[in-house]
Amino acid sequence: MVCAKGLKPFARATLYFDPPINLEGATIVFYAKGGQGGENLAFAMKDKENVQGFDKGRLYPFPHRLTPEWQRVEIQLAEASQEFDVRNLTSLRLEFGTKDIGNKPGDTIYIKDLQWIF
């Protein structure tokens, strides 16, 4: 489990892949909750050809924001963004900062059981 506090404007957690990995046909699954409820979280990806990939590939899996209870997320990568080559992903990122996502300083987000399933 990861506990992330939005203390910095650009707070985020990134998984880097070198060499790039093939997640064609994969679903990203994880659980998240907010410390108080009302926090927001974004998911982003980047392939080796998209330098600005995080801006293009940002998704908000909780359209009504997080609650203090665990919520399951399933992101179908094939449907997430047509601009990315999911066969050559170089990184996946969870964003929770104040500037990126609009959380307040000190907001807390918990994430557990991140996995990709084929």
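Just so you know, these numbers use all the heavy atoms, side chains as well, and skip hydrogens, waters and symmetry mates.
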**Student:** Do you know the tightest heavy-atom contact between A32 and F62?
**Tutor:** CB-CZ, 3.8 Å

**Student:** Taking side chain to side chain donor-acceptor pair (under 3.5 Å) as the test, write out the residues that go with E69, two or more places apart.
**Tutor:** none

**Student:** Is the shortest heavy-atom distance from the side chain of L92 to the side chain of T14 under 4.5 Å?
**Tutor:** no

**Student:** Sequence neighbours left out, what passes ring-ring contact (aromatic ring centres under 6.0 Å, His included) with F17? Give chain and number order.
**Tutor:** W116

**Student:** List the atom pairs, with distances to 0.1 Å, where a side-chain N or O of residues 34-42 and a protein N or O form a donor-acceptor pair under 3.5 Å, not counting sequence neighbours.
**Tutor:**
unit_1	atom_1	unit_2	atom_2	d
E39	OE1	G37	N	3.0
E39	OE2	G35	N	3.3
E39	OE2	Q36	N	2.9
E39	OE2	G37	N	3.3

**Student:** Do F30 and I111 touch side chain to side chain, with heavy atoms closer than 4.5 Å?
**Tutor:**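 Yes, at least one pair of side-chain atoms sits under 4.5 Å.
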
**Student:** CG of N103 to CZ of F96: how many Å apart, nearest 0.5 Å?
**Tutor:** 9.5 Å

**Student:** Is there side-chain contact between L23 and F118, with heavy atoms separated by less than 4.5 Å?
**Tutor:** yes

**Student:** Drop me the distance from Q71's CD to H64's NE2, to the nearest 0.5 angstrom.
**Tutor:** 10.0 Å

**Student:** Kindly write out the residues that satisfy side chain to side chain donor-acceptor pair (under 3.5 Å) with R65, not counting sequence neighbours, or none if the list is empty.
**Tutor:** none

**Student:** Among all residues two or more places apart in sequence or in another chain, which pass the side chain to side chain donor-acceptor pair (under 3.5 Å) test with T27?
**Tutor:** Q76

**Student:** Going from CD1 on I117 to CD1 on I28, what distance comes out if it is rounded to the nearest 0.5 angstrom?
**Tutor:** 9.0 Å

**Student:** Within the side chain of T90, is there an N or O that forms a donor-acceptor pair under 3.5 Å with the backbone of P20?
**Tutor:** no

**Student:** Roughly how far apart are L77 CG and F43 CZ, rounded to 0.5 Å?
**Tutor:**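 Reported value, rounded in 0.5 Å steps: 5.5 Å.
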
**Student:** Nearest 0.5 Å, what's the CG-NZ distance between L89 and K48?
**Tutor:**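 One finds 11.5 Å between CG of L89 and NZ of K48.
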
**Student:** For D85, enumerate each residue passing the side chain to side chain donor-acceptor pair (under 3.5 Å) test, keeping only those at least two apart in sequence or located in another chain.
**Tutor:** R87, N88

**Student:** To the nearest 0.5 Å, what is the distance between OH (Y110) and OG1 (T108)?
**Tutor:**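 So the gap between those two atoms works out to 5.0 Å.
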
**Student:** I want to check something: taking the side chain as every heavy atom from C-beta on, are Y31 and V73 in contact at a cut-off of under 4.5 Å?
**Tutor:**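 No, too far: nothing below the 4.5 Å cut-off.
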
**Student:** Any heavy-atom pair between the side chains of I109 and K33 that's under 4.5 Å?
**Tutor:** no

**Student:** Out of curiosity, does V29 fall in the hydrophobic cluster containing M45 (side-chain heavy atoms, cut-off under 4.5 Å, transitive links)?
**Tutor:**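 In one cluster: no.
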
